[in-house]
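One structure is given below, encoded as structure tokens.
Along the sequence shown, the residues carry numbers beginning at 1. Counting starts at 1 for both ligands and their atoms, in listed order.
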Amino acid sequence: MANYEEVFKKVVSHSKEYGFIFQSSEIYDGLAAAYDYGPNGVELKNNIKEYWWKSMVNMHENIVGLDTSIFMHPKTWKASGHIDAFNDPLIDNKDSKKRYRADVLIEDYISKIESKIEKDLQKAHKRFGDQFNKDEFLSTNERVLERTKKIKEISSKMNQYLVGQELDKVKELIEELDIKCPVSGTCNWTDVRQFNLMFKTQMGATADSATDLYLRPETAQGIFVNFLNVQKTCRMKIPFGIAQIGKAFRNEIVARQFIFRMREFEQMEMQFFIKPGEEIKWYNYWKDQRIKWHKALNMGEENYRFHDHENLAHYANAASDIEFKFPFGFKELEGIHSRTDFDLNAHQEYSGKKIKYFDPEINESYVPYVVETSIGLDRMFLTVLSNSYKEETLENGESRIVLKIPHVLAPHKVAVLPLTKKDGMPEKAREIIQSLQLDFKCLYEEKDSIGKRYRRQDAVGTPFCVTVDHQTLEDGTVTLRNRDSMKQKRVLQLELHAIIAKEVSLKNYLN
Ligand code: ATP
């Protein structure tokens, strides 16, 4: 396929054409950075949630779930630091009047250098063929070393200025690198300013009595304020975790790249409460667990990497992102943060209530430390969608678009297709669906030729098609077609449940 941008455009239009994602309020020309999940999208999204929830809650006896409200007492956000420090540095181009995140402009500049390294690699690979040693090339080629050095210098300067709130220096760096506005092509920049990302709203009937509230910018705080409720009612012993899936809202300065950066999105977060001093051990443990969870989906080991933070948030003493290779480059998919006792301490202070854990093993009370894993559900959706989109040329010269979604996440597991609409075939097909639908999401389709129906199922990622024909009525066998290999085999109708169960089982991914 031609280039990454083109592929990404195709993924976006495919997701609309096949009922995965629609622009929010489309009939009113849409609302920027808000999206609706269509019938296929919601199934895929629910399957991702289940894959996460089961791996966290079902598979750890010391992790429990929670579902807290989006509205929280406004003091929560003072305590958490979001009112004072949940800002992004913004910058405007005076000519185009377009607004950007200053750090993202610099990161995009770095990505361009990274893609040059990628090109150097590809060229060298071509030249040296099988003899090519990637690691050696990366550590010895002068041009690559120069580029890598430049990346390090830029990102270390950027981090230093952002942590030190030296916004004038951030602007100077943008000018020094000659970063131009992609729209106007000029370097005519305003100063860099801080912009708070929280959405404000009001609760109450009259203006005087109304309370200012915020839409939560992360689900984590709902977990922290319920720490004691959960610990006491469920008699949890440290170390233990609380998991939650829910909506979060951020007034992003620039929301683009489809569902990668939205203003309303969903997070899957788990806060793991531990004894102070053990945070680095658990931080490493969760880094390892989370990368395994991702890689188990077989979406390409090379598409993941860790990015350890130099620029730590106000609450963290170690942090790393799991980055995924999206069509527009490696970007953050999940964060693993060692949050210390910052949040629980702050809630103690602002609420005036003690939030301590009595540890029977050492006969002492303490404020637990926390290691968090936080993944964006929508970003995870985008990884699956963009990674599974394939255009294939078949042996007969025809082409097909297929979504090679991991079986466990596929919106529908099986489509049952009567060869014709007569001779009792539709009834037989419906009987088969009835025998499968409690355990697997099924589809019934009778319109168009069987070939066209296969293509439609390929395009929505259904791993199996079952075709009912005349022979089915005679000997109880059906044709089972595999999405990826397109191979077909004759199996007994009675065996279908067992065959499909084995192929789509969570056990193939989590163990
Ligand atoms: P970024 O640097 O991309 O703005 P972040 O570091 O602010 O992300 P976190 O606060 O660590 O993100 O949030 C945890 C996860 O929530 C992220 O890894 C990402 O998957 C998801 N997420 C954050 N902001 C958005 C958004 N605007 N739209 C969709 N997902 C998001």
Sorted by chain and number, the residues that approach ligand 1 to under 4.0 Å with a heavy atom:
Arg101, Arg250, Glu252, Phe260, Arg261, Met262, Phe265, Gln267, Glu332, Leu333, Glu334, Gly335, His337, Ser374, Gly376, Arg379
Taking the inter-plane angle between the rings of His294 and Tyr304 on a 0 to 90° scale, is it parallel (under 30°), tilted (30 to 60°) or perpendicular (over 60°)?
tilted
Partner set under ring pair (Phe, Tyr, Trp, His ring centres under 6.0 Å) for Trp282, not counting sequence neighbours:
Phe272, Tyr285
By ring pair (Phe, Tyr, Trp, His ring centres under 6.0 Å), which residues pair with Phe249, not counting sequence neighbours?
none
N-O pairing of Lys247 and Glu218 below 4.0 Å:
no
Polar side chain donor-acceptor pair, Lys150 to Tyr109, under 3.5 angstrom
yes
Going by atom type alone, with no hydrogens or angles, which donor-acceptor pairs under 3.5 Å involve a side-chain atom of residues 32-42 and a protein atom two or more places apart or on another chain?
{"unit_1": "Tyr37", "atom_1": "OH", "unit_2": "Asp378", "atom_2": "OD2", "d": "2.6"}
{"unit_1": "Asn40", "atom_1": "OD1", "unit_2": "His412", "atom_2": "ND1", "d": "3.4"}
{"unit_1": "Asn40", "atom_1": "ND2", "unit_2": "Tyr18", "atom_2": "O", "d": "2.8"}

